[in-house]
Amino acid sequence: MDKRFFYLLNKARHRVYKHADQRSEDALGISVTQVGALLLVAGDEGCLLKDLALSLHLNSSALTGLAGRMESKGLLERRTCDRDGRASRLYLTDVGREKIESAKPLITELNSRMTDGFSDEEVTVILKFLNYLANDF
């Protein structure tokens, strides 16, 4: 068994992301990053573009491109911020809301696939480890 944490974590992230992205494209016609963006906007309707960039860990130019692609697919709408004319706020469209609903079974399937073969106790340890790395490392 390989015991190189950093290597395995990076390899696992890459494989899981690649698999999830392909499944998302096949099932929904949008990338897994776009699904994540839709879910974040749904949780904070009218959020600033820069805040979404921080949440997705994307630089401003990457998020501008992502938002443009999502807008052209009719998933979200950018509106000028009334407090700062240079900033944009993001809002879901009806199509974006439908994609979120369509994504829920896929998210459930992906989470189930990642925990398949592990006991509830093992999943608890894995979640504790991942939360530690994500929030406290």
Side-chain angles (χ1 to χ4, degrees):
M1 176 188 309
D2 197 329
K3 294 182 179 182
R4 298 173 292 170
F5 277 101
F6 190 82
Y7 169 75
L8 288 171
L9 191 59
N10 188 49
K11 183 178 178 182
R13 187 216 54 85
H14 178 76
R15 287 186 61 140
V16 168
Y17 182 87
K18 188 175 175 181
H19 175 79
D21 198 48
Q22 189 60 57
R23 291 285 295 118
S24 182
E25 287 285 355
D26 292 346
L28 306 169
I30 62 174
S31 72
V32 73
T33 302
Q34 290 173 339
V35 171
L38 288 174
L39 290 168
L40 287 167
V41 171
D44 187 16
E45 191 90 19
C47 65
L48 290 169
L49 192 63
K50 69 177 185 171
D51 293 335
L52 184 61
L54 287 171
S55 295
L56 290 173
H57 307 287
L58 296 174
N59 63 41
S60 294
S61 62
L63 189 67
T64 299
L66 176 69
R69 289 186 299 279
M70 292 178 72
E71 197 170 27
S72 70
K73 289 182 178 185
L75 301 170
L76 57 78
E77 177 182 320
R78 279 187 280 193
R79 297 181 199 157
T80 303
C81 177
D82 56 352
R83 290 185 218 139
D84 180 354
R86 299 167 296 170
S88 294
R89 294 195 175 273
L90 300 172
Y91 298 87
L92 293 178
T93 63
D94 289 340
V95 173
R97 290 181 208 293
E98 290 169 13
K99 288 291 183 184
I100 289 172
E101 288 306 310
S102 298
K104 287 179 180 179
L106 176 62
I107 293 166
T108 299
E109 172 196 323
L110 291 169
N111 281 312
S112 178
R113 174 113 191 264
M114 284 189 281
T115 58
D116 191 35
F118 292 95
S119 70
D120 289 344
E121 293 80 16
E122 289 170 322
V123 170
T124 299
V125 170
I126 293 166
L127 289 172
K128 182 178 178 181
F129 174 69
L130 291 174
N131 275 286
Y132 166 73
L133 292 179
N135 301 313
D136 300 325
F137 186 73

Ring geometry between Phe129 and Phe5 (parallel below 30°, tilted from 30 to 60°, perpendicular above 60°): tilted
Distance-minimising heavy-atom pair for Ala42 and Ile100: CB-CD1, 3.7 Å
Shortest non-hydrogen contact from Ala67 toward Leu49: CB-CD1, 3.8 Å
Euclidean distance, Tyr17 OH relative to Ser31 OG, rounded to 0.5 Å: 5.5 Å
Arg89 side, atom CZ; Thr80 side, atom OG1 - distance, nearest 0.5 Å: 11.0 Å
Taking all atoms of both residues into account, what is the closest heavy-atom pair of Ala62 and Leu58, and its distance? CB-CB, 4.3 Å
So if you build clusters from Ile, Leu, Val, Met, Phe, Trp, Tyr with side-chain heavy-atom gaps below 4.5 Å, do Val95 and Tyr91 land together? no
Verify same cluster id: Leu130, Val125 (apolar side-chain graph, 4.5 Å): no
In terms of hydrophobic clustering (I, L, V, M, F, W, Y; side-chain heavy atoms under 4.5 Å; direct or indirect links), are Tyr7 and Met1 co-clustered? no
Mind checking whether Ile30 and Met70 have side chains closer than 4.5 Å, heavy atoms only? no
In the single-linkage hydrophobic clustering (I, L, V, M, F, W, Y; side-chain heavy atoms under 4.5 Å), do Leu75 and Leu39 co-cluster? yes
Hey, does the side chain of Gln34 reach the backbone of Leu66 with a donor-acceptor pair shorter than 3.5 angstrom? no
Nearest heavy atoms of Ser24 and Leu106, plus distance in Å: CA-CD2, 3.6 Å
Any chance you could measure Leu48, atom CG, to Asp84, atom CG, to the nearest 0.5 Å? 8.0 Å
Same cluster for Val32 and Val16 if Ile/Leu/Val/Met/Phe/Trp/Tyr side chains link at under 4.5 Å? no
Step-by-step side chain to side chain contact (heavy atoms under 4.5 Å, CB included) determination, Lys99 to Leu92: CA-CA 10 Å; Lys99 288 291 183 184; Leu92 293 178; over 6 Å; no
Rounding to 0.5 Å, atoms CG (Leu38) and CZ (Arg97) come to a distance of 10.0 Å
Sort and list the pairs that fulfil salt bridge (charged side-chain N to carboxylate O under 4.0 Å, His left out) and have at least one residue in residues 55-77, not counting sequence neighbours. Glu71-Arg78, Glu77-Arg79
What pairs of donor and acceptor atoms, side-chain ones from residues 110-117 against any protein atom, are under 3.5 angstrom apart with sequence neighbours left out?
{"from": "Asn111", "atom 1": "ND2", "to": "Ile107", "atom 2": "O", "distance (Å)": "3.2"}
{"from": "Arg113", "atom 1": "NH1", "to": "His19", "atom 2": "NE2", "distance (Å)": "3.1"}
{"from": "Thr115", "atom 1": "OG1", "to": "Asn111", "atom 2": "O", "distance (Å)": "3.1"}
{"from": "Thr115", "atom 1": "OG1", "to": "Ser112", "atom 2": "O", "distance (Å)": "3.3"}

Atom CG of Leu63 and atom OG of Ser88: how far apart are they, to the nearest 0.5 Å? 10.0 Å
Which atom of Leu28 lies closest to which atom of Ala103, heavy atoms considered: CD1-CB, 3.7 Å
Does atom CZ of Phe118 have more than 12 heavy-atom neighbours from other groups under 6.0 Å away? no
Should we count CG of Asp94 as having more than 12 external heavy atoms under 6.0 Å? no
Enter the distance from Leu40:CG to Glu45:CD here, rounded to the nearest 0.5 Å. 12.0 Å
What pairs with Asp120 under side-chain hydrogen bond (donor to acceptor under 3.5 Å, both in side chains), at least two apart in sequence or on another chain? none
